[in-house]
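What follows is one structure encoded as structure tokens, with my remarks underneath.
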Amino acid sequence: MSLNRTRNFKFDWITIVLFLLLVGFGWLNIVSASSSGEITSYFDMSQPYGKQSVFILFTFVLIILVLSIEAKFYERFASVIYLVSMLSLIGLFLFGKTVNGATSWYGIGGFTLQPSEFAKFATALAVAKYISDLQTNIKTLKDQLKTALIIFVPAFLILLQNDAGSTIVYAAFFFVFYREGIPQIYLLLLLSIILLSVSALKFSVLITSIIVTVLIFVHHFFLKKKKGSILQPIFITLACIVFSFGVYFFYSNILQPHQQDRISLWLRLEKDPVKLEQMKRTILYNLNESEKAISSGGVTGKGFMEGTRTIGKFVPEQHTDYIFSTVGEEWGFLGSSFVVILFVLLLIRILHLAELQKSQFSRIYGYSVASILFLHFMINIGMVMGLIPTIGIPLPFFSYGGSGLWGFTLLLFVFVKLDSNRINEW
């Protein structure tokens with residue numbers, strides 16, 4: 001009995017403190033970004049900060065629930081949790097509520113629930129469960145394809161809901177695969193896909209095809225020691241050309257106009273100066289205002305609830321995806337650096353604990369948590385600062401929203417629970 005009590009309370013308090021700091025500081029910035037004057041109650045349900053206060057209270061209930069459940073429960077029922085999560089995504093096509101063009105929410109009274117935020121947690125469990133199975137060898141193509149299918153299903157369902165931002169997050173599992181020993185050829189393949197995609201859009205499919213053909217045949221005939229069959233470079237060349245055409249077709253015919261415009265601005269594809277200026281005024285309005293807010297903060301910031309651009313609501317939806325612009329204006333470079341450092345410390349701590357795990361399931365799940373948080377953190381802050389195209393995903397523990405906060409809390413504290421059981425694993 002004493003062993004069980006020790007196990008139940010052997011939690012990593014560094015991780016928990018970092019979580020509390022992020023949530024607390026995030027709430028302060030939501031108050032600034034969403035308040036419209038004098039605050040009478042921090043639980044005013046007509047204001048986003050009031051709702052977020054309630055969400056945070058329920059978050060602590062969720063944490064207690066997660067930590068009170070036996071650690072092995074998450075491994076045993078990973079498949080069931082994944083299945084329920086997929087059914088919740090499918091149900092959106094029948095009962096979902098459309099917000100800003102994406103059918104990603106269930107309407108529950110005056111609140112909404114976004115299943116895709118919980119699907120990341122469920123997918124992380126399912127991936128960890130499958131890879132850690134004794135009969136699974138992630139270095140074989142068969143098991144690689146099965147694991148990829150586990151990730152593809154939720155990503156595809158979310159993409160069908162017109163939520164491309166949440167879909168991109170599933171690329172985070174590549175880091176998990178790499179840690180578990182997939183061949184390095186996949187890293188080369190990923191870099192090739194990125195380069196081909198950018199080149200096909202930036203320089204045209206024809207120019208990309210010519211460059212690829214020349215490079216591949218120069219490597220085969222002049223640089224490669226063992227020449228081998230000529231069929232291999234021909235096949236690789238044709239695959240690259242077909243992929244380049246596919247990228248251009250997807251960009252031109254599948255993506256929504258606003259998504260095309262964002263990529264066009266990022267890669268500077270638009271040549272007409274008049275149209276380019278018009279696109280900047282409309283599509284980049286949020287980004288321009290965000291950059292102005294951040295730069296106006298200077299080194300130390302204007303102070304809590306003293307940001308003129310934040311109070312003036314210059315940045316639309318500032319309390320959600322653009323919450324970091326509030327940090328930049330009111331807390332300045334020092335406050336922004338503090339937030340970045342908190343996230344980096346949390347990621348390092350999770351990776352450190354993941355490497356200490358005796359169970360492969362716990363280690364893989366830990367890497368999944370770190371990878372998902374990292375991609376959200378990198379994309380959101382990069383988007384707000386104009387370093388990458390605008391992609392609508394929240395900043396973990398910071399952005400307004402109950403589903404996002406609870407989804408990230410589940411993701412993190414299940415790992416805290418798994419780590420607490422480490423001393424009992426053999």
Answer yes or no: is there a side-chain heavy-atom contact under 4.5 Å between [X] and [Y]?
| X | Y | value |
| --- | --- | --- |
| Q144 | P183 | yes |
| Q47 | H319 | no |
| L113 | W105 | no |
| V169 | I393 | yes |
| S296 | R309 | yes |
| Y170 | I158 | yes |
| L57 | F43 | yes |
| F398 | L342 | no |

Is it true that a side-chain atom of [X] and a backbone atom of [Y] form a donor plus acceptor pair closer than 3.5 Å?
| X | Y | result |
| --- | --- | --- |
| T123 | K120 | no |
| E75 | A71 | no |
| Y106 | S88 | yes |
| E329 | T310 | yes |
| S420 | K417 | yes |
| N380 | H376 | no |
| S244 | A200 | no |
| E330 | G307 | yes |
| S252 | F249 | no |
| S403 | Q114 | yes |

How close do [X] and [Y] get, counting heavy atoms only, and between which atoms?
| X | Y | answer |
| --- | --- | --- |
| F408 | P394 | CE1-CG, 4.2 Å |
| S132 | Q360 | CA-OE1, 3.3 Å |
| S199 | T208 | OG-OG1, 2.7 Å |
| Y130 | T136 | O-OG1, 2.7 Å |
| L347 | A370 | CD2-O, 3.4 Å |
| I294 | S325 | CG1-CA, 3.7 Å |

Practice task
Report the relative orientation of the aromatic rings in F156 and F152; use parallel for angles under 30°, tilted for 30 to 60°, perpendicular for over 60°.
Solution key: parallel
Exercise for the section: Over 60° means perpendicular and under 30° means parallel, so classify the ring planes of F374 and F175, tilted if in between. Expected result: perpendicular
Rounded to the nearest 0.5 Å, how far does [atom2] of [Y] lie from [atom1] of [X]?
| X | Y | atom1 | atom2 | result |
| --- | --- | --- | --- | --- |
| S32 | I323 | OG | CD1 | 8.0 Å |
| L20 | W13 | CG | CH2 | 8.0 Å |
| L410 | L125 | CG | CG | 9.0 Å |
| L412 | L373 | CG | CG | 6.5 Å |
| L395 | F377 | CG | CZ | 8.0 Å |
| L201 | Y248 | CG | OH | 8.5 Å |

Going by atom types only, do [X] and [Y] share a side-chain donor-acceptor pair under 3.5 Å?
| X | Y | value |
| --- | --- | --- |
| K302 | T308 | yes |
| D163 | S166 | yes |
| Q318 | Y400 | no |
| T98 | T103 | yes |

Practice task
Given side-chain contact (heavy atoms from CB on, under 4.5 Å), test L62 with F413 step by step and report yes or no.
Solution key: CA-CA 9 Å; L62 180 62; F413 275 86; over 6 Å; no
Problem - Near-ring test F118/W406, centroid separation under 6.0 angstrom - result: no
Exercise for the section: Determine whether the aromatic ring centres of Y74 and Y365 lie less than 6.0 Å apart. Expected result: no
Exercise for the section: Start with the C-alpha distance between Y186 and Y178, add both sets of side-chain angles, then the distance that settles side-chain contact (heavy atoms from CB on, under 4.5 Å), and finish with yes or no. Expected result: CA-CA 9 Å; Y186 287 103; Y178 194 71; over 6 Å; no
Handout entry: Residue among F338, F324, F25 satisfying ring-ring contact (aromatic ring centres under 6.0 Å, His included) with W331
Key = F25
Practice task
Please assess L353 against R422 for the test side-chain contact (heavy atoms from CB on, under 4.5 Å), listing each intermediate value before the final yes or no.
Solution key: CA-CA 10 Å; L353 293 177; R422 180 173 15 118; 4.0 Å; yes
Problem - More than 12 heavy atoms of other groups within 6.0 Å of L134 CG - result: no
Practice task
Check the surroundings of atom CZ in F73: do more than 12 heavy atoms from other residues, nucleotides or ligands lie under 6.0 Å from it?
Solution key: yes
Practice task
Show your reasoning for whether side-chain contact (heavy atoms from CB on, under 4.5 Å) applies to F243 and S197.
Solution key: CA-CA 8 Å; F243 179 79; S197 300; 3.6 Å; yes
